[in-house]
2 protein chains.
Amino acid sequence: MDMTRRDIHNSEVPALCRSCEVRHKGMCGALTPDELLLLSKHTRQVQHTSGDELVGEGADVESYDNVMRGVVKLSKTLEDGRQQIVGLQFAPDFVGRLQAGESPMTAEAASDVEVCRVPRAMLERLVEQSPTLRKRLLEQALRELDEAREWMVTLGRKTAAEKVASLLLLIALHLDPEQKGEKRLFDLPMSRLDIADFLGLTIETVSRQMTKLKADGIITITANRHIEVLSLTRLKARCG
Amino acid sequence: MDMTRRDIHNSEVPALCRSCEVRHKGMCGALTPDELLLLSKHTRQVQHTSGDELVGEGADVESYDNVMRGVVKLSKTLEDGRQQIVGLQFAPDFVGRLQAGESPMTAEAASDVEVCRVPRAMLERLVEQSPTLRKRLLEQALRELDEAREWMVTLGRKTAAEKVASLLLLIALHLDPEQKGEKRLFDLPMSRLDIADFLGLTIETVSRQMTKLKADGIITITANRHIEVLSLTRLKARCG
DNA sequence: CACTGGGCTTGATCTTGATCAAGGATGGAC
DNA sequence: GTCCATCCTTGATCAAGATCAAGCCCAGTG
């Protein structure tokens, strides 16, 4: 039984992190009322604006974040500055490498982001004592692993046109899974440079491919980041 | 505390899977003697020769494999046949997507391989009852996730020359971590086509880059797959 | 309003790696 | 041994995408 992000979000386990004063089910959903109460005393709701760094590559892990709203991008950088985005985290994902002293990558707010921050010691204590939480975290790790491997196919074997289509599809499906039908309207949570860094391309190539999708009547671009997908089917057909 | 593959292999937990009549610590190391005894009654040692498929993409997951010897490659294929290798599994890695009805990718023996095969129902029962095993599996999932993301940087942002150097380095360090000093002697566990599919390149490009590394005195190629790295430092310097 | 700067698009040209095409090694079958 | 198939290398050419170079759009500022 494969739990999707949606399933986790909608699961029936009651969860209320008091310091955040909201229900967030990504992590808390796995906890007992007692554990939740304990957790609540240590969590802190934090707002980030686009571009803020949550954790730096190689920095000591001090805390973990449960994404409540917005999109967090995970990236790695080579010595000479070449950058690759290795993952996007949407609500209610959990950000932060467990069981590691230092973060293997940078986590940065792609859009304005709201997170529930848990101190490292606290979370590790909970992970230690809660098998349910470990199970939930294993599920997320396995899902992220699937997503990373899926993306490796995109990076290694798809053309620029297919890469751009794949990213638009990914975002369209993640940002508002509620929208039905063939059309999707959304704001890109990232700049052209971010897109290029995610796809292993340059901004110019991304721009040209977006223009082409527009010319072919598959999307319309209202503002730079305001996208409407006119036909999901035709978009999927371009994903390779 | 980050457990490396080596640490797991060398951990002090006693483990003996009776049907295999060998200690294999990747998975069994996390079990109690009672659980191990139970497991032993259901495992089966299986030999595969290079090219054998362990699990097909989209096939129902019937069992899981603990790699004992050799290298298993994980790959995904697009409809039109383009293939991407998304991971290599060395002993004592565990092969098989937990908590999924069907495998998201193909697992294939890259070299001759020996595995300890556990029926699905059996493993799921053990995972359910053993928090230690879940912890061990979470560790492997997190390590694989790190490796996958590291490889995304290689796929997305490195040149052909850097990609080939990175793969040789990866294999040199994995296959025999005992070898010390600047030199490494090993057999490539994969064909030029496999290498190309791992790196998102063509066989011709791989071949040219290997020739270049040889010409530059960084490796010698005895037979097609018999490689000696003459200077790890100089190889690392080419990894980008 | 004009000015500025950042992010995006578009065009011209160049480079890297793909593609097409031969030919060379290696190993198994007979 | 010869034949054959498979895998690998090398060379010539091509094309996808990078790079270089303007110019555009738009929000923010004075």
Side-chain angles (χ1 to χ4, degrees), chain A residues 49-51 73 78 80-84 108 110-112 154-168 187-216 219-227 238 240, chain B residues 49-51 73 78 80-84 108 110-112 154-168 187-216 219-227 238 240:
Chain A
T49 53
S50 178
K73 64 179 208 227
L78 295 172
D80 62 4
R82 281 176 284 176
Q83 193 177 57
Q84 176 68 45
E108 190 181 320
S111 60
D112 286 352
T154 300
L155 285 173
R157 287 298 181 211
K158 291 190 185 176
T159 64
E162 291 167 339
K163 285 178 176 181
V164 171
S166 300
L167 180 65
L168 289 180
D187 284 313
L188 277 179
M190 57 207 311
S191 67
R192 295 290 187 273
L193 181 59
D194 285 335
I195 296 176
D197 283 342
F198 199 14
L199 298 171
L201 299 171
T202 58
I203 50 172
E204 293 95 332
T205 300
V206 171
S207 180
R208 282 184 243 272
Q209 295 303 333
M210 300 273 287
T211 304
K212 184 143 200 309
L213 284 171
K214 188 171 64 174
D216 293 351
I219 61 172
T220 51
I221 308 180
T222 323
N224 275 340
R225 300 207 183 177
H226 200 67
I227 303 285
R238 301 218 168 188
Chain B
T49 52
S50 177
K73 63 179 210 227
L78 295 173
D80 62 5
R82 281 176 285 175
Q83 195 177 53
Q84 176 67 46
E108 189 181 321
S111 61
D112 286 353
T154 300
L155 285 173
R157 287 299 180 209
K158 291 190 185 178
T159 64
E162 291 167 339
K163 285 178 177 181
V164 171
S166 300
L167 180 64
L168 289 180
D187 284 314
L188 278 179
M190 57 208 309
S191 67
R192 295 291 188 272
L193 181 59
D194 285 334
I195 296 176
D197 283 342
F198 199 15
L199 298 172
L201 299 171
T202 58
I203 50 171
E204 293 94 331
T205 299
V206 171
S207 182
R208 282 184 243 272
Q209 295 303 333
M210 300 273 287
T211 305
K212 183 142 199 309
L213 284 172
K214 189 171 64 174
D216 293 350
I219 61 172
T220 51
I221 308 180
T222 322
N224 275 339
R225 300 208 184 176
H226 200 66
I227 303 285
R238 301 218 168 189

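None of these values were measured; they are calculated from a predicted model. The sequence lines fix the lettering, A, B, ..., with proteins before strands; numbering per chain opens at 1.
- Using a cut-off of 4.0 Å between Lys/Arg side-chain N and Asp/Glu carboxylate O, D197(A) and K73(A) are scored as not salt-bridged.
- With rounding to whole Å, I221(B) atom CD1 is found 6 Å from dT9(D) atom P.
- Proximity of L167(A) to V206(A): side-chain heavy atoms (C-beta onward) are nowhere separated by under 4.5 Å.
- Atom pair M190(B):CE and dC8(D):P shows a separation of 11 Å (rounding to whole Å applied).
- Atom CG of L188(B) sits about 5.0 Å away from atom CD1 of I195(B), to the nearest 0.5 Å.
- Residues R225(A) and S191(A) have side chains in contact (heavy-atom distance under 4.5 Å, counting atoms from C-beta outward).
- Nucleotide dG17(C) holds its P atom 17 Å from the CD1 atom of I203(B), rounded to whole Å.
- Side chains of R238(B) and D216(B) form a contact here, defined as non-hydrogen atoms less than 4.5 Å apart.
- Rounded to whole angstrom, the span from the CE atom of M210(B) across to the P atom of dT10(D) amounts to 11 Å.
- Distance CG (D194(B)) to P (dC8(D)): 9 Å, rounded to an integer number of Å.
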Once each nucleotide of nucleotides 15-22 of chain D is scored for protein heavy atoms under 4.0 Å, what B/S/- sequence comes out, 5' to 3'?
--SSBB--
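- Taking the screw axis at each terminus of the helix from dC1(C)-dG30(D) to dC30(C)-dG1(D) from five consecutive base pairs, the angle between the two is 30° to within rounding of 10 degrees.
- Taking both residues in full, the closest heavy atoms of M210(B) and L168(B) are given as SD-CD1, 4.3 Å, listed atom of the first, atom of the second, then distance.
- Of all non-hydrogen atoms in S50(A) and D112(A), the two that sit nearest each other are N-OD1, 3.0 Å.
- One interatomic measurement links the two molecules: CG of L213(A) to C1' of dT9(C), which rounds to 15 Å at whole-angstrom precision.
- Between R192(A) atom CZ and dC24(D) atom P the separation is 19 Å, expressed in whole Å.
- Residue I227(B) contributes atom CD1, which lies 12 Å from atom C1' of dC8(D) at whole-angstrom precision.
- For the pair I221(B)/I227(B), a side-chain contact is recorded, criterion being any heavy-atom separation below 4.5 Å from C-beta on.
- Here the closest non-hydrogen pair linking L155(A) and G200(A) is CD2-N, 4.0 Å.
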